[in-house]
Amino acid sequence: MSVSAAALAAAVAAPLPAGARDDGTGGEGTGNGYEVGVEVTISGDGAPGTGGTIEVSLPPVCWWEPIPSNVADPPVDATDPKSVYEWFKDILPHLSGHAASGRLAFPDTQVFKDAIKREKAGEDITWYQISSNSKDVKPCSPEVHDVPPQRGDEVAQIYAPFVAGEPPEPAVDPETLAIEARELMVIDEPDVERNPKIDGSGPVGATFVNIPTWFWVTDPEMVGGAEGTRTIRAEVLGTGVWAEVTAETGGLSVAYPGGSQQCPPEVALREWSPGSSDAAGCTVSFPRASVGFPDGYPVEASTQWNATWEGETGDGESVGGELDPLQRSTTVNVPVAEVQTLVQGAR
């Protein structure tokens with residue numbers, strides 16, 4: 001087996017041939033890059049249903065793939081531990097001097113010998129490498145070595161034998177996980193009820209000009225309860241990676257042609273009842289009748305949610321930050337009628 005300078009560089013840098021991603025590691029190429037199916041346990045009051053374990057597709061930080069055959073000439077067979085060991089022995093003399101740190105990309109020699117023994121004993125062994133297309137190989141590496149600054153400070157082991165088809169799970173960035181959790185978070189559009197509503201003469205369901213009209217949400221979770229928050233936690237199975245997203249809203253916004261009202265969560269939860277003080281509710285006073293709007297004024301009820309996250313990487317580092325905000329809205333038509341004489345008990 002001959003070793004050219006290019007082949008030696010390939011062995012250390014671990015480049016991949018085109019199409020090497022279709023290898024049974026659970027990933028697939030997409031228009032946005034490589035993604036993998038990851039088993040994630042989700043929980044929290046913002047989790048779909050009652051939470052549980054689901055599979056999501058995420059771009060990994062790094063992942064393992066079989067050593068490509070074209071790292072040497074003749075080709076290396078990743079499924080044959082003897083072939084890989086011969087390749088290693090052939091390039092080992094070249095991993096010295098300025099290339100000495102390249103030796104650290106490989107495990108100890110005994111690991112090569114043990115892989116051969118395991119194969120003889122009946123195990124189906126394949127040699128893998130951490131993909132050079134990985135954003136960062138360190139989270140996937142069994143061992144990261146410190147080296148002098150002139151050699152790059154750190155060198156990660158990127159080769160290892162595993163049972164065929166069972167390499168370690170791809171490493172996922174907690175922020176990527178948080179973004180996915182944000183997308184999964186359940187925050188319903190605000191369904192609102194209101195008072196007064198005319199149920200006799202006049203437009204059905206109408207309210208009155210200059211009379212405070214109460215609005216409230218029919219489900220407290222639509223504004224995150226009295227605290228105005230929703231949370232969802234996502235944990236990647238078999239790793240220490242997790243992310244928790246907290247969405248917080250300032251409450252319910254009620255907007256109509258010519259005006260709007262912002263109501264804190266605790267106020268947006270308050271239903272009208274006989275004897276209630278208008279100052280205690282989420283109220284809007286329409287200054288004129290909804291003439292020109294056959295179905296009534298279009299009133300948009302909406303919630304704006306700021307999203308933040310916290311989490312941990314696989315090695316226990318605490319991370320976190322801000323995510324894009326979320327918005328939920330719905331529109332209802334509210335007829336507004338003139339009233340010359342306020343009729344007691346209209347409510």
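Predicted, not measured: the structure shown is a model, and the values here were computed from it. Computed from heavy atoms alone, side chains included, the values below leave out hydrogens, waters and symmetry copies.
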Closer than 4.0 angstrom, basic N to acidic O: yes or no for R182 and E180? no
[atom2] on [Y] to [atom1] on [X], rounded to 0.5 Å:
X	Y	atom1	atom2	result
Q129	E65	CD	CD	7.0 Å
T283	N195	OG1	CG	12.0 Å
T213	Q261	OG1	CD	11.5 Å
I158	S141	CD1	OG	8.5 Å
N306	E322	CG	CD	7.5 Å

How are the rings of W214 and W216 set relative to one another: parallel (under 30°), tilted (30 to 60°) or perpendicular (over 60°)? perpendicular
What is the ring orientation for F112 with F88, classed by angle as parallel under 30°, tilted 30 to 60°, or perpendicular over 60°? parallel
Donor-acceptor pair, [X] side chain versus [Y] backbone, under 3.5 Å?
X	Y	result
T249	Q304	yes
S134	D136	no
S290	V336	yes
S83	D77	yes
S96	A100	no
T207	K197	no
R288	V209	no
Y297	A289	yes

Candidate list Y128, W63, W64, test side chain to side chain contact (heavy atoms under 4.5 Å, CB included), partner P168, passing option: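 Passing option: W64.
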Could you check whether atom [atom1] of [X] has more than 12 heavy atoms from other residues, nucleotides or ligands sitting under 6.0 Å from it?
X	atom1	answer
K120	NZ	no
Q110	CD	yes
E227	CD	no

What about W272 and V254, same hydrophobic cluster or not, with Ile/Leu/Val/Met/Phe/Trp/Tyr joined at side-chain heavy-atom distances under 4.5 Å?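 Cluster IDs for W272 and V254 differ.
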Is there a path of hydrophobic side-chain contacts, each under 4.5 Å between heavy atoms, that joins L326 and L177? yes
Test item: V111 and F106 side chains (from C-beta on) under 4.5 Å apart, heavy atoms: no
Report yes if the side chains of T239 and V172 come closer than 4.5 Å at any heavy-atom pair, otherwise no.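 Not in contact.
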Ring centres under 6.0 Å, that's the criterion: do W127 and F162 meet it? no
Will you find, in the side chains of E35 and S57, an N or O donor that is under 3.5 Å from an N or O acceptor? yes
Derivation of the side-chain hydrogen bond (donor to acceptor under 3.5 Å, both in side chains) call for T53 and T41: CA-CA 4 Å; T53 300; T41 298; 3.1 Å; yes
Could you tell me whether R328 sits above the aromatic face of W305, with NZ or CZ closer than 6.0 angstrom to the six-membered ring centre and within 45 degrees of the axis?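 No; the conditions do not both hold, so R328 does not lie above the ring face of W305.
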Candidate pair L184 and I232, rule side-chain contact (heavy atoms from CB on, under 4.5 Å), full reasoning: CA-CA 8 Å; L184 293 172; I232 183 170; 4.1 Å; yes
